[in-house]
Amino acid sequence: MNGTGKRYFLVDAVRGAAIVNMVIFHFLYDVFIVYGKDPHWYGLRGIHIWQQAICQTFIFISGFVWVWGMEGNLRRGLRFHLFGCMISLVTLFAVPSQAIWFGILNFMGSAVLLMFPLHRTLGGASCFRGFILCLFLFVFCRQIQYGYIGFGDLVRIQVPDVLYSLKIFTPLGFPFPGFRSGDYFPVLPWIFLYLCGYFFNGIFGRHERWQRAAERRIPVLSVVGSRTIWIYLLHQPVCMAVCWLMMCG
């Protein structure tokens, strides 16, 4: 919902499509990886692209709607962090080998809160230039957790090892040696994708035709997309229960 109280149902539908894909993805992940039906499934390139598309959609949309929810963003950011910590504890005890440390919910919480100072700094910037710059930085820093930035083999700049030696830097995108997480979304590079969504909101606001198109409801998906956080929190226990019944029944 934007600042005037108008709801863009197409945005909800995009989130709805993403959460439906996430439920399917996690169910298959449980079948193939957690229950060991195909340990190589997660390493397939097509599966990686699918997983990344789902998460990138959530991050981009969250940045896109940030400015519309400014009054509740502090509460929303803290709630994301709380839910992220709950998921870390649950996975640590339920599936220790797949424990989640600084997953997508913790990133979303950090991004929502970081946007308060960033909005004051970037609010007057050109939306188009900001979008292009942040897209460039997202791609450029995409491999920072592996120790370098650049563009594949064309440009590869080594990041100083000292940044990876301190555990406190892990949430920023510099994981310490031996760090493992079933879902890891550090501030870098993902804040740049979040900012892409933020700047795209400004571009969107200048196109009335886009706004009229976004007001259209998409059956089912628009409703599902307005309840993504609760579906996200509940779907994995349900998927695990269904898998257990299938495997042990």
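Please read all numbers here as calculations on a predicted model, not as lab measurements.
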Under 3.5 Å, which donor-acceptor pairs link side chains of residues 137-155 to any protein atom two or more places apart or in another chain?
{"residue": "Arg142", "atom": "NH2", "partner": "Gln52", "partner atom": "OE1", "Å": "2.2"}
{"residue": "Asp153", "atom": "OD1", "partner": "Arg156", "partner atom": "NH2", "Å": "3.2"}

Exercise. Is it true that Ile231 and Leu221 fall in one hydrophobic cluster, defined by side-chain heavy atoms closer than 4.5 Å?
Worked result: yes

Exercise. Does Leu234 belong to the same Ile/Leu/Val/Met/Phe/Trp/Tyr cluster as Val242, with side-chain heavy atoms less than 4.5 Å apart forming each link?
Worked result: no

For this session: Please round to the nearest 0.5 Å and tell me the distance separating atom CD1 of Ile33 and atom CG of Leu28.
Result: 10.5 Å

Problem set entry | Criterion side chain to side chain contact (heavy atoms under 4.5 Å, CB included) on Val65 and Asn201, from CA distance to verdict | CA-CA 7 Å; Val65 303; Asn201 182 286; 5.8 Å; no

Problem set entry | Nearest heavy-atom neighbours spanning Thr57 and Ala53 | OG1-O, 2.7 Å

Exercise. So which heavy atom on Asp183 is nearest to which on Ile104, and how close?
Worked result: OD2-N, 3.1 Å

For this session: Assess whether side chain to side chain contact (heavy atoms under 4.5 Å, CB included) is satisfied between Cys127 and Arg206, documenting all intermediate values.
Result: CA-CA 10 Å; Cys127 293; Arg206 297 171 185 171; 4.0 Å; yes

Please output the side-chain donor-acceptor pairs of residues 76-94 that fall under 3.5 Å, not counting sequence neighbours, one pair per line with the distance.
{"residue": "Arg76", "atom": "NH1", "partner": "Gly69", "partner atom": "O", "Å": "3.4"}
{"residue": "Arg76", "atom": "NH1", "partner": "Asn73", "partner atom": "OD1", "Å": "2.4"}
{"residue": "His81", "atom": "ND1", "partner": "Asn106", "partner atom": "ND2", "Å": "3.2"}
{"residue": "His81", "atom": "NE2", "partner": "Ser110", "partner atom": "N", "Å": "3.3"}
{"residue": "His81", "atom": "NE2", "partner": "Ser110", "partner atom": "OG", "Å": "3.2"}
{"residue": "Ser88", "atom": "OG", "partner": "Gly84", "partner atom": "O", "Å": "3.2"}
{"residue": "Ser88", "atom": "OG", "partner": "Ile100", "partner atom": "O", "Å": "2.6"}
{"residue": "Thr91", "atom": "OG1", "partner": "Ile87", "partner atom": "O", "Å": "2.8"}
{"residue": "Thr91", "atom": "OG1", "partner": "Ser88", "partner atom": "O", "Å": "3.1"}
{"residue": "Thr91", "atom": "OG1", "partner": "Ile100", "partner atom": "N", "Å": "3.1"}

Exercise. Hey, does the side chain of His207 reach the backbone of Ile203 with a donor-acceptor pair shorter than 3.5 angstrom?
Worked result: yes

Problem set entry | Check: Tyr8 ring centre within less than 6.0 Å of Phe204 ring centre | yes

Exercise. Under 6.0 Å between the ring centres of Trp68 and Tyr198?
Worked result: no

Exercise. Centres of the Trp66 and Phe116 rings: under 6.0 Å?
Worked result: yes

For this session: Fit a plane to each ring of Tyr42 and Tyr29, take the angle between them on a 0 to 90° scale, and name the class: parallel (under 30°), tilted (30 to 60°) or perpendicular (over 60°).
Result: perpendicular

Exercise. Looking only at heavy atoms, which two atoms of Phe199 and Cys134 are closest? And how far apart?
Worked result: CE1-SG, 3.8 Å

Exercise. What distance separates Thr228 OG1 from Leu233 CG, expressed to the nearest 0.5 Å?
Worked result: 9.5 Å

Problem set entry | Lys NZ or Arg CZ of Lys37 over Phe32 ring: under 6.0 Å, within 45° | no

Exercise. Angle class for the Phe25/Trp41 ring planes (parallel below 30°, perpendicular above 60°, tilted otherwise)?
Worked result: tilted

For this session: Run through Phe102, Phe179, Trp190, Phe107 and flag the one making a ring pair (Phe, Tyr, Trp, His ring centres under 6.0 Å) with Tyr184.
Result: Phe179

Exercise. Is the number of heavy atoms from other residues, nucleotides or ligands within 6.0 Å of CD1 (Ile49) greater than 12?
Worked result: yes

Exercise. Linking I/L/V/M/F/W/Y whenever their side-chain heavy atoms sit closer than 4.5 Å, directly or via other members, would Trp210 and Phe64 fall into one cluster?
Worked result: yes

Exercise. If you group Ile, Leu, Val, Met, Phe, Trp and Tyr by side-chain heavy-atom gaps below 4.5 Å, do Ile229 and Val223 land in one group?
Worked result: no

Problem set entry | Minimum heavy-atom distance between Ala18 and Ile54, given as atom pair plus value | O-CG2, 3.6 Å

Exercise. Going through the checks in order, is the side chain to side chain contact (heavy atoms under 4.5 Å, CB included) test met by Leu10 and Glu215?
Worked result: CA-CA 6 Å; Leu10 183 59; Glu215 292 176 18; over 6 Å; no

For this session: On the 0 to 90° scale, with breaks at 30° and 60°, tag the Phe131-Phe200 ring pair as parallel, tilted or perpendicular.
Result: tilted

